[in-house]
Every structure is written in C-alpha cells, then in structure tokens.
**Student:** 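Can you keep this structure in mind? I'll have questions shortly.
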There are 2 protein chains.
Amino acid sequence: MALVDALLTRLEAIAALSDKDRALLASLKIEPKQLKAGEALQPQGSRPSHSALLIQGTMARLQEMTDGARQIVSFHLPGEIPDLHSLHIERMDHTLSAVRPALVGTIAHDELRRVIAQSGHLGAVLWRETLIDAAVFRQWITNNGKRGSLAGMAHLLCELFLRAQAIGQAKNESWEMPFTQAELGEAIGITSIHANRILKQLKTEGAAAIEKSVLHIIAWDKLQAIAGFDATYLHLKRVPLAA
Amino acid sequence: MALVDALLTRLEAIAALSDKDRALLASLKIEPKQLKAGEALQPQGSRPSHSALLIQGTMARLQEMTDGARQIVSFHLPGEIPDLHSLHIERMDHTLSAVRPALVGTIAHDELRRVIAQSGHLGAVLWRETLIDAAVFRQWITNNGKRGSLAGMAHLLCELFLRAQAIGQAKNESWEMPFTQAELGEAIGITSIHANRILKQLKTEGAAAIEKSVLHIIAWDKLQAIAGFDATYLHLKRVPLAA
DNA sequence: CGCCAAGTTGAGAGCATTCAACCAGAGTGG
DNA sequence: CCACTCTGGTTGAATGCTCTCAACTTGGCG
C-alpha cells in the first residue's frame with residue numbers, strides 16, 4: 001500500500017478528484033518517518049519547510065502556556081495533513097505531536113506547490129481541507145466555551161466517531177479510541193478527573209461508553225441530542241450515521 | 001475612497017502585493033450593502049454565492065445552540081472577508097452578523113475565482129488570510145479552555161488592539177472599542193456579569209481599562225504578561241506595539 | 001420626562017478544580 | 001515467577017471560580 005493512499009481516502013471523503021489529480025498526488029515525493037508516542041514533529045515557534053501526511057497513528061496539536069498548562073486544539077487521524085497551513089504561514093503557533101506512535105510522510109512545501117500549480121482544482125481541494133480544519137476549530141471554541149462539559153464531551157465523541165468512520169476505522173457503533181481520558185479532557189478544557197466523571201455520566205445516561213479504550217456508541221440519537229451535534233461542519237460527502 | 005481600499009490595507013498588512021495583484025483586486029465587482037446593528041448577513045445553514053468584504057463597522061460570527069445560548073467565534077474589523085471560507089465550503093455552520101451598523105461589499109464567488117485564476121499569488125494570499133483566521137480560532141479555543149477568564153480577556157484585548165492598530169483604528173494606546181462587555185464575554189465563554197468583574201480586575205491591576213467604550217492600554221507589558229500573549233499568530237508584517 | 005441598553009454590585013447556588021488516596025493492568029528486572 | 005513500577009482510571013472531600021437571580025445606576029435618546 002502506497003504512502004499516499006491515506007491521503008486519497010481522506011480527500012475523496014470531502015471532495016471529488018479527477019484521474020489527473022490522483023496521478024498528481026501519486027507523484028508527490030513522500031519521505032516516511034516514524035514518531036514515538038509524545039514526540040513533537042513541529043514545535044511551537046519553528047518554521048517548517050515540509051508538511052506531514054499522517055499515515056498511521058494519531059497526532060494532536062497543542063498550545064503550551066507559560067505556566068506549563070496545555071490546551072489541545074485538534075486531534076488528527078490518518079489521511080490528514082495536520083500542518084498543511086505551514087505552506088502559507090511561516091511560523092508554528094502551536095506544537096504538532098504524535099499522541100501514540102505514528103507513521104508520517106513528510107512532503108516538501110515545494111512539492112505541494114508543484115502539484116497545486118499543475119491543478120487548480122487540487123489547490124482548491126487542499127484549501128478546502130484547511131477550511132474544514134477551521135470549521136472544526138469553531139466547534140471546539142464552543143466546546144470549550146458555552147457548551148457545558150457534558151455537551152462538549154458528547155460533541156467531541158460524535159465528531160471523532162464520524163471522522164473515524166469516514167476512514168473506515170470505526171465499525172458497528174464502536175471504535176478503538178486512541179486517546180486517554182486526560183487527553184479528551186485537555187481538548188475540551190477540563191481536568192482528567194472531571195473528564196472521568198463526565199464520561200461516567202454519558203454511560204449512565206445510556207449515550208456512549210468507553211471500555212478498555214474502545215468507544216461504544218450506545219444510542220447515537222441520545223448522544224447527538226446531548227451534544228446538540230450537527231455533522232454538516234465536517235463537510236463529509238457521506239455522513240454514515242447521522243441519517 | 002474605493003470600496004476595495006479596506007481590503008488592500010488588510011492584505012498588505014499580512015503579505016506583499018504586486019501591482020498586478022492590486023489591479024486585479026481593483027477589478028473586482030463589489031456591491032455595497034448597508035447592515036443594521038445585529039442584522040444577520042449569512043445565517044447558519046445558508047449556502048452563500050457571495051462573500052462579504054467588511055468596509056466599515058464590525059461583524060461577528062456566532063454559533064447558536066439548541067437551548068438559545070450563543071457563542072461568538074470571531075470578531076471582524078474593516079478590510080476582512082469574514083466569509084471567505086464559503087468560497088470552498090458550501091454551507092454556513094455559523095451565523096455572520098453585523099455587531100454595530102456595518103457597510104459591506106458583496107463579491108460574487110465567481111469574481112473571486114476569476115482573479116485567483118489570474119494570479120496564483122493572489123490565491124495564496126487569500127488562502128493565507130483564511131489560515132490566519134484559523135490561527136485566531138486556535139487561540140480562542142485556548143481562551144475558552146485552559147487559559148483562565150482573566151488571561152483570556154487580556155488575550156482578547158491584546159489581539160483586538162493589535163488588529164485595530166494594523167488598520168490604523170487605534171492610536172496612542174487607546175481604541176474606540178466597538179464591543180459591549182456582554183459581547184466580549186460571549187467571545188471567551190463567560191457571562192456579561194463576570195466579564196464586568198474581570199475587566200474591573202484588569203483595571204485595578206493597572207493593565208487595561210475600558211472607559212466610555214474606549215479601550216485604554218495602561219501597561220502593555222503587564223497586559224501581555226497576564227495574557228501570556230505572543231503576537232506571532234496574527235502574522236502581521238509589522239507588529240507595532242509588541243516590540 | 002420616561003424609557004432602554006449597558007454597566008455595576010451583592011448574595012447564594014452549583015459546577016469544576018485541587019488534593020489525596022486507591023485500584024487495575026502492562027511491562028520490567030531480579 | 002514474582003515483586004516493582006508506571007500509566008491510566010476511579011472515587012471522595014474541600015475549596016474556589018463562575019453562574020444565576022436580583023437590584024440598582026448611568027447615560028443616551030425620543
């Protein structure tokens with residue numbers, strides 16, 4: 001399986017690609033690189049010359065504050081390019097790290113510029129990818145803000161489950177969740193202890209439960225209702241569960 | 001003064017433009033439209049065929065939840081195109097409204113596509129604009145999450161002041177603030193009452209104060225320290241105060 | 001003058017944090 | 001094989017931040 005396949009799966013989940021676009025993507029020079037759990041690929045303040053295609057594993061972007069506190073601003077699944085934005089903004093304002101061990105493929109910015117110059121449509125698709133990234137950020141602002149902890153956690157689980165399903169990771173209402181409760185908490189701005197209690201509540205209410213690090217959707221409609229979740233912001237061409 | 005001037009000022013604050021790019025921008029067909037305070041230009045769920053250049057006044061994007069609660073996810077000053085993203089993602093996942101009365105210039109997506117097709121660099125600059133938008137979202141996630149209320153408010157004021165200064169609205173450490181305390185609160189996920197108390201605290205600590213809706217920076221370094229503010233994420237070519 | 005939006009202040013309730021203890025399972029080294 | 005350690009998860013109790021409710025002030029405007 002070629003390194004680029006994860007990217008094709010992801011991009012075809014959000015847009016239509018022509019044969020020419022697929023061939024251009026296949027022509028990208030991609031260098032594999034293995035990351036250890038917790039290893040930072042792009043630290044805050046750096047000026048990347050490459051972007052990373054996540055092939056296997058999970059990554060997160062996080063902001064580190066002066067007092068040592070951390071805020072996770074995004075999670076990433078295979079097929080995504082978490083630092084695509086570095087193509088047009090020079091300096092990293094956050095750290096991009098592997099959460100669990102991860103395999104990435106680094107792509108030189110010049111390579112990306114080459115294929116974009118040859119296909120305006122491909123440029124638009126990649127632009128679109130960064131815009132969906134931004135749409136997710138908007139939801140996360142609300143997760144951390146007005147949406148309470150319970151709704152915020154439910155919303156995060158809805159989102160992750162659908163994204164996992166779009167790349168074929170989640171089946172039969174369950175998904176091998178690659179994040180700890182502490183990490184889920186850091187994403188919605190609560191402590192690991194509180195995250196634990198909130199998850200317990202979601203289980204008691206019969207919405208969703210995490211057991212031995214696999215997420216079980218007990219009742220999608222209930223989870224969705226608690227979250228106030230509307231999947232359109234993910235801009236997936238097919239939304240499997242949200243019918 | 002041409003309608004497009006605000007856009008030129010903004011884009012030249014974040015990137016270099018060639019004469020050709022300026023001419024292309026000047027060729028955009030822009031329809032002026034006046035908005036009343038609180039009027040929604042693009043409601044959540046709509047499918048815009050135009051984007052709006054904000055010429056005068058202020059706008060905000062907000063998410064409305066099922067229980068009627070609102071979260072403001074961004075503020076916009078003249079020169080910005082708050083719904084540029086609708087060029088590549090069809091459906092609005094939030095509402096774009098005027099905060100105070102505002103003058104916008106609507107630009108058909110086809111017009112934007114025309115100039116982008118003629119200048120790859122201009123396309124890159126507009127892409128960059130949406131990426132900076134996303135960088136601001138990331139900070140707002142943290143404002144609403146791990147950063148406490150005091151630091152969050154301080155961070156928001158730092159950001160708004162620098163953005164206002166970049167377009168010449170703020171002078172002499174003071175800025176005619178177009179937002180109410182309630183709106184500032186809705187942006188960092190706190191109530192207007194708490195926002196009031198936090199602002200009082202920022203004044204007592206000698207960092208910043210809002211008097212008769214003008215923001216006074218009492219001590220930039222103190223405000224910056226409280227916020228843990230680092231201006232690089234705004235990607236302004238010149239950062240006036242942050243020396 | 002009266003109304004209304006915005007701001008200010010106080011008090012009590014509730015949610016989330018911190019501190020602290022403890023459990024379970026995986027991996028390590030003797 | 002078994003202690004030992006470490007990470008992740010679970011639970012309780014006290015503290016404290018933020019919300020809600022409520023009252024009151026101020027300034028602008030018809």
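By convention in this document, chain letters (A, B, ...) are assigned in the order of the sequence lines, proteins followed by strands, and residues within each chain are numbered from 1.
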**Student:** Per the end-axis method with five pairs at each terminus, what is the bend angle of the helix from C:dC1-D:dG30 to C:dG30-D:dC1, to 10°?
**Tutor:** 30°
**Student:** Shorter than 3.5 Å, N or O on both sides, protein versus nucleotides 21-28 of chain D: list them out with atom names.
**Tutor:**
none

**Student:** Quick test: give all pairs of protein nitrogen or oxygen and nucleotides 12-15 of chain C nitrogen or oxygen below 3.5 Å, distance rounded to 0.1 Å.
**Tutor:**
none

**Student:** Partners of A:Q169 by side chain to side chain donor-acceptor pair (under 3.5 Å), sequence neighbours excluded?
**Tutor:**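 Testing A:Q169 for side chain to side chain donor-acceptor pair (under 3.5 Å), a comparison that skips the adjacent residues, returns A:W175.
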**Student:** Could I get the full list of side chain to side chain contact (heavy atoms under 4.5 Å, CB included) partners for B:A225, not counting sequence neighbours?
**Tutor:** none
**Student:** Using the side chain to side chain donor-acceptor pair (under 3.5 Å) criterion, which residues pair with B:Q44? Sequence neighbours excluded.
**Tutor:**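 Partners of B:Q44 under the side chain to side chain donor-acceptor pair (under 3.5 Å) test: none.
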**Student:** Would you give me the side-chain donor-acceptor pairs under 3.5 Å for residues 188-196 of chain B, sequence neighbours excluded?
**Tutor:**
residue : atom : partner : partner atom : Å
B:T191  : OG1  : B:H194  : N            : 3.3
B:N196  : ND2  : B:Q181  : OE1          : 2.9

**Student:** Would you say a side-chain N or O of A:Q181 is under 4.0 Å from OP1 or OP2 of D:dT7?
**Tutor:**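 Checking A:Q181 against D:dT7: no side-chain N or O falls below 4.0 Å of OP1 or OP2.
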**Student:** Give the rounded distance in Å between these two atoms: CG of A:L184 and P of D:dG8.
**Tutor:** 12 Å
**Student:** Looking at A:E186 and A:R70, does any basic side-chain N land under 4.0 Å from a carboxylate oxygen?
**Tutor:**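 A:R70 and A:E186: salt-bridged.
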**Student:** Which pairs would a plain distance check flag for residues 204-216 of chain B, meaning a side-chain donor or acceptor within less than 3.5 Å of a matching protein atom at least two apart in sequence or in another chain?
**Tutor:**
residue : atom : partner : partner atom : Å
B:T204  : OG1  : B:K200  : O            : 2.6
B:E205  : OE2  : B:Q201  : NE2          : 3.2

**Student:** Report the C-alpha distance between B:T106 and B:E31 in whole Å, list the side-chain angles of each, state the deciding distance to 0.1 Å, and finish with yes or no for side-chain hydrogen bond (donor to acceptor under 3.5 Å, both in side chains).
**Tutor:** CA-CA 5 Å; B:T106 61; B:E31 285 296 325; over 6 Å; no
**Student:** Can you find a side chain N or O atom of B:K200 that sits less than 4.0 Å from OP1 or OP2 on C:dG7?
**Tutor:** no
**Student:** Between C:dT18, D:dG9, C:dT9, which nucleotide has the shortest distance from any of its atoms to the side chain of A:T191?
**Tutor:** C:dT18
**Student:** Can B:E159 and B:Y233 be said to form a side chain to side chain contact (heavy atoms under 4.5 Å, CB included), step by step?
**Tutor:** CA-CA 10 Å; B:E159 175 190 310; B:Y233 76 97; 2.8 Å; yes
**Student:** Using residues 146-155 of chain A as the side-chain source, report each donor-acceptor pair under 3.5 Å to any protein atom, sequence neighbours left out, with the distance given to one decimal.
**Tutor:**
residue : atom : partner : partner atom : Å
A:R147  : NE   : A:N143  : OD1          : 3.0
A:R147  : NH2  : A:Q139  : O            : 3.3
A:R147  : NH2  : A:Q139  : OE1          : 2.9
A:R147  : NH2  : A:N143  : OD1          : 3.0
A:R147  : NH2  : A:H155  : NE2          : 3.3
A:H155  : NE2  : A:Q139  : OE1          : 3.3

**Student:** Restricting to side chain to side chain donor-acceptor pair (under 3.5 Å), what partner residues turn up for A:R100, sequence neighbours left out?
**Tutor:** A:E183
**Student:** Start with the C-alpha gap between A:R61 and A:H76, add the side-chain angles, then the distance that decides, and say whether side-chain hydrogen bond (donor to acceptor under 3.5 Å, both in side chains) holds.
**Tutor:** CA-CA 8 Å; A:R61 291 189 272 175; A:H76 295 282; 3.1 Å; yes
**Student:** Please work out whether the ring planes of B:H94 and B:H85 are parallel, tilted or perpendicular, with thresholds of 30° and 60°.
**Tutor:** tilted
**Student:** Applying side chain to side chain donor-acceptor pair (under 3.5 Å), can you list everything that pairs with A:D83, at least two apart in sequence or on another chain?
**Tutor:**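 For A:D83, no residue satisfies side chain to side chain donor-acceptor pair (under 3.5 Å) once neighbours in sequence are set aside.
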**Student:** At a heavy-atom distance below 4.0 Å, what parts of residues 201-210 of chain B sit against DNA chain C?
**Tutor:** none
